[in-house]
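Only one structure is covered here, and it is reproduced in the block below.
Just so you know, these numbers come straight off a predicted model, no measurement behind them. As the structure lists them, so they are numbered: ligands from 1, and atoms in each ligand from 1.
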Amino acid sequence: MLQITGLTHSYADGHKAIDGLDLTVPDGQLLSIVGPSGCGKSTLLRAIAGLIRPTGGRITLDGKPINGVPDDLAVVFQDYSRSLFPWLTVRDNVALPLRRRGKSRAERRAAAQEALESVGLPDAGRKYPWQLSGGMQQRVSIARALAFRPSLMLMDEPFGSVDAQTREDLEDLVLQVHRTEKMTILLVTHDIDESVYVGDRVVVLNKSPARVHADLPVGLPSV
Ligand code: ADP
Ligand code: ADP
């Protein structure tokens, strides 16, 4: 369980991005987080990922305070251009985090290939990231996170740079992985339709600084 209490964050220039945010996310939930641009969504994810140290409040994962990047976490950022290592092939990029899982080289390669197939890039493994389009690079980032099979996955506008059809395919892929792997996923999006389609629950943040404005369970209409 992820538990956030009284989270506050002010950047070094004094800008307050988050102000007293409380949020509890049970294991296995797919939580969509929506809110206006600049309201502090990325800051929130960065704090959960241990990439910044918040100036106030408390974040615990299974009761333990976050201290550095948690072992069992994967993050997919909107900015794909900074997330892949340009000197590694696509397959090696996807396979790299699996070393932390103690997988053999052969297992890592097989898992990477499977993940690339699941995001619709079966033939991209031998290429380098810079030989792919932006949308394809973002799919590689998603493949890398999926192959790792983390217990917690943070996604910051992950589908912002892909075309509409790929976006739908990837939304369905994330839903499927969430269901089969029981992965806890926090998905930041500014697309209300996406938040409701993919999420079990939608949290709406206030305009800056971030606080929880509304917390809505999502029940899909039965057909
Ligand atoms: P987003 O797409 O999530 O809204 P932004 O465009 O706000 O992201 O920010 C992009 C990058 O610039 C982030 O790494 C963020 O930390 C940094 N950044 C944003 N605003 C500022 C600022 N006022 N001062 C310094 N860095 C900033
Ligand atoms: P969102 O992801 O909701 O667009 P962010 O978390 O990126 O919002 O940013 C929240 C606020 O904090 C914005 O006003 C942004 O300009 C500011 N900000 C982000 N990064 C920095 C930074 N490194 N230094 C100063 N201000 C920042």
Check your understanding: For atom 6 (O) of ligand 2, which of T43, L205, I52 has the closest heavy atom?
Key -> T43
Revision key, fill the gap. Atoms of ligand 2 under 4.0 Å from any heavy atom of C39, numbered from 1 in the order shown, are 1 (P), 3 (O), 8 (O)
Point to revise | Polar side chain donor-acceptor pair, T5 to D22, under 3.5 angstrom | key: no
Review point. Which ligand 2 atoms, with their elements, are less than 4.0 angstrom from a heavy-atom of H15?
Key: 11 (C), 12 (O), 13 (C), 14 (O), 17 (C)
Exercise for review: Using a strict cut-off of 4.0 Å, indicate which atoms of ligand 2 neighbour a heavy atom of S42.
Suggested key: 1 (P), 2 (O), 6 (O), 7 (O)
Review point. If you look only at pairs with a residue in residues 125-137, which of them pass as a side-chain hydrogen bond (donor to acceptor under 3.5 Å, both in side chains), with sequence neighbours excluded?
Key: none
Review point. Taking heavy atoms and a distance under 4.0 Å, where does K41 meet ligand 2: side chain, backbone, both or neither?
Key: both
Check your understanding: So, T189 versus S195: side-chain donor-acceptor pair below 3.5 Å or not?
Key -> no
Between side-chain atoms of residues 109-116 and protein atoms elsewhere (two or more places apart, or another chain), which donor-acceptor pairs fall under 3.5 Å?
from	atom 1	to	atom 2	distance (Å)
Q113	NE2	E117	OE2	3.0
Q113	NE2	P122	O	2.9

**Study point:** Sub-4.0 Å heavy-atom contact, S37 with ligand 2
**Key:** yes
Check your understanding: Between Y197 and S32, do the side chains contain an N or O donor and an N or O acceptor separated by less than 3.5 Å?
Key -> no
Review point. What about L45 and I185, same hydrophobic cluster or not, with Ile/Leu/Val/Met/Phe/Trp/Tyr joined at side-chain heavy-atom distances under 4.5 Å?
Key: no
Point to revise | For ligand 2, the portion of D13 having any non-hydrogen atom under 4.0 Å away | key: side chain
**Study point:** ligand 2 N/O within reach of A17 N/O, cut-off under 3.5 Å
**Key:** no
